[in-house]
Protein chains: 2
Amino acid sequence: MKLSEFELDVMQIFWEKGTSSSPEVFKCIHEEKDVAYSTVKTIIDRLESKGAIVRKRIEGRAIYYAPMVEKSAITQELLPSFLKRFFNGKPSNLIAHLMKDEKLSQDDITYLETFLAKQKKKNKDEL
Amino acid sequence: MKLSEFELDVMQIFWEKGTSSSPEVFKCIHEEKDVAYSTVKTIIDRLESKGAIVRKRIEGRAIYYAPMVEKSAITQELLPSFLKRFFNGKPSNLIAHLMKDEKLSQDDITYLETFLAKQKKKNKDEL
DNA sequence: TTAGTTACTCTACATTTGTAGTAATTGACT
DNA sequence: AGTCAATTACTACAAATGTAGAGTAACTAA
C-alpha cells in the first residue's frame, strides 16, 4: 500500500491513538502544522478509499475510523528500499551510521550489546 | 532538497558512478526498469533545475553531469523523519529491529561489537 | 423550534511526479 | 556536402498530492 507523506503523518496518529474521529486527528495535526480541517479530512477520505482505515462507529455526527494496515507492514515495505538507497542495502551499514551519528544512551548500548550477543549465539547454533 | 522516488533512483547512479551522461544513466536505469530514454532525460533535467546535478563537460553531443548534492546530505535529511515515523525517533529501536529482522553475518556482528565498544568508551569519557 | 455549532460531503485547483512523443541539432562517416 | 544516428530540447498529459472553500446535514442548547 503506497501512502504519501501526509497520509503517513495521519496514519501515525491512528497508530498512536487508535480509533479516532476526523476532528480528533485534526486537532493533533493542527498542533504541528497549520492546515485546514478540510485538508485533513480529505486525507482521511483518501486513506479510507485506499483501505488504510475503516469506519468503525458513529458518535453524534462524528465518524470514528480505525487503522486497518499495521505500522509494521508499512515499515516492512519502506525499510528495504530505504536501506538499499542509502546504505547499499546493508543493515550493518545503517546500524553503524546510527551508532556513530545519533546519541545512544548507556542503556541503549547495554540493550544492544545484549542483542548482539544473542544474535552471535544464534548464528553459531545455526551452523 | 526534496527529491522524488525516481529522482532518487537517478541520483543513486550519479553517486555510484560519478559524472555521467544521460545515455549512460539511461542504460543503467533501463536494466532495472522498462522506461523510455526521454523519461530518464526528463528526470535528469529536473535534477539539474533543482541543482542536484550540474553540467560538467560536453563530449560529442553528450552532456556530462556531475552530482552536486552528496548522498550523505540526503540521507541526513531523510533518516530523521524515517526514524520518527517508524521507530518513535529512537535510533536504538531501529537498530534493534534491524538486528532482529535482517540477517547479520558473523563479520557484521564483530564489526558492530567493536563499534559499540568504541561508543561506550566515548560515552564514558564524556562524563 | 430555532439559532448556533460541528462535522460531513463535494468540488476544485495548483503543483509535483511519472511517463513519453516529436522536433531540432549536431557529430560522424562516406 | 549529404545522410544517418545519437542526443538534446521542448511539449504534453494523466495521476497523485497538498490544499481548502462552500454547501449541507445534524446535534445541542436555549
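- Residues A:Leu47 and A:Met68 have side chains not in contact (no heavy-atom distance under 4.5 Å, counting atoms from C-beta outward).
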Report, one line per pair, each donor and acceptor closer than 3.5 Å where one atom sits in a side chain of residues 85-93 of chain A; sequence neighbours left out.
{"from": "A:Arg85", "atom 1": "NE", "to": "B:Asp9", "atom 2": "OD1", "distance (Å)": "3.2"}
{"from": "A:Arg85", "atom 1": "NH2", "to": "B:Glu5", "atom 2": "OE1", "distance (Å)": "3.4"}
{"from": "A:Arg85", "atom 1": "NH2", "to": "B:Asp9", "atom 2": "OD1", "distance (Å)": "3.1"}
{"from": "A:Ser92", "atom 1": "OG", "to": "B:Asp108", "atom 2": "OD1", "distance (Å)": "3.2"}

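- A donor-acceptor contact shorter than 3.5 Å links the side chain of B:Ser20 to the backbone of B:Gly18.
- For the contact set between residues 3-12 of chain A and DNA chain C, defined by any heavy atom under 4.0 Å, there are no members.
- In terms of position along DNA chain D, the nucleotide closest to B:Arg55 lies nearer the 5' end than the nucleotide closest to the other residue of the pair A:Arg46 and B:Arg55.
- Remark: B:Tyr37, B:Lys41 in residues 27-43 of chain B come within less than 4.0 Å of DNA chain D through at least one heavy atom.
- Residue pairs meeting the salt bridge (charged side-chain N to carboxylate O under 4.0 Å, His left out) criterion with at least one member in residues 35-53 of chain B, sequence neighbours excluded, are B:Glu7-B:Lys50, B:Lys41-B:Asp45, B:Glu48-B:Arg55.
- The minimum heavy-atom distance linking A:Phe6 with A:Thr39 is given by the pair CE1-CG2, 3.8 Å.
- Rounded to whole Å, atom C1' of C:dT15 lies 10 Å from atom NZ of B:Lys2.
- Note on A:Ile58: it does not cluster hydrophobically with A:Val54, by side-chain heavy-atom contacts below 4.5 Å among ILVMFWY residues.
- Listed by chain and number, the residues in a side chain to side chain contact (heavy atoms under 4.5 Å, CB included) with A:Lys100 are B:Phe115 (sequence neighbours excluded).
- Put simply, the side chain of A:Leu8 reaches to within 4.5 Å of the side chain of A:Leu78, judged on heavy atoms.
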Side-chain donor-acceptor pairs of residues 25-35 of chain B under 3.5 Å, sequence neighbours excluded:
none

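- A side chain to side chain donor-acceptor pair (under 3.5 Å) check over residues 58-81 of chain B, counting only residues at least two apart or in different chains, returns the pairs B:Glu24-B:Tyr64, B:Arg57-B:Glu59.
- Across residues 58-69 of chain B, B:Arg61, B:Ala62, B:Ile63 each have a non-hydrogen atom less than 4.0 Å from an atom of DNA chain D (numbered order).
- In this structure, the side-chain hydrogen bond (donor to acceptor under 3.5 Å, both in side chains) partners of B:Lys121, at least two apart in sequence or on a different chain, are B:Asp125.
- Atoms CD1 and CG, on B:Ile95 and B:Leu112 in that order, are 8.5 Å from each other to the nearest 0.5 Å.
- Heavy-atom contacts of chain A under 4.0 Å fall on DNA chain D between two terminal nucleotides, which in 5' to 3' order are D:dT17 to D:dC27.
- Residue B:Asp45 contributes atom CG, which lies 15 Å from atom P of C:dT17 at whole-angstrom precision.
- For the segment residues 17-26 of chain B, no residue has any heavy atom less than 4.0 angstrom from an atom of DNA chain C.
- Residue B:Lys50 places at least one side-chain N or O closer than 4.0 Å to OP1 or OP2 of C:dT17.
- A:Glu16 is linked by a side-chain hydrogen bond (donor to acceptor under 3.5 Å, both in side chains) to nothing, counting only residues two or more places apart in sequence or in another chain.
- Scanning both residues, B:Met1 and B:Ala52, for their nearest heavy atoms gives SD-CB, 3.8 Å.
- Note that CD1 of A:Ile109 and CG of A:Leu116 are 12.0 Å apart. Values are rounded to the nearest 0.5 Å.
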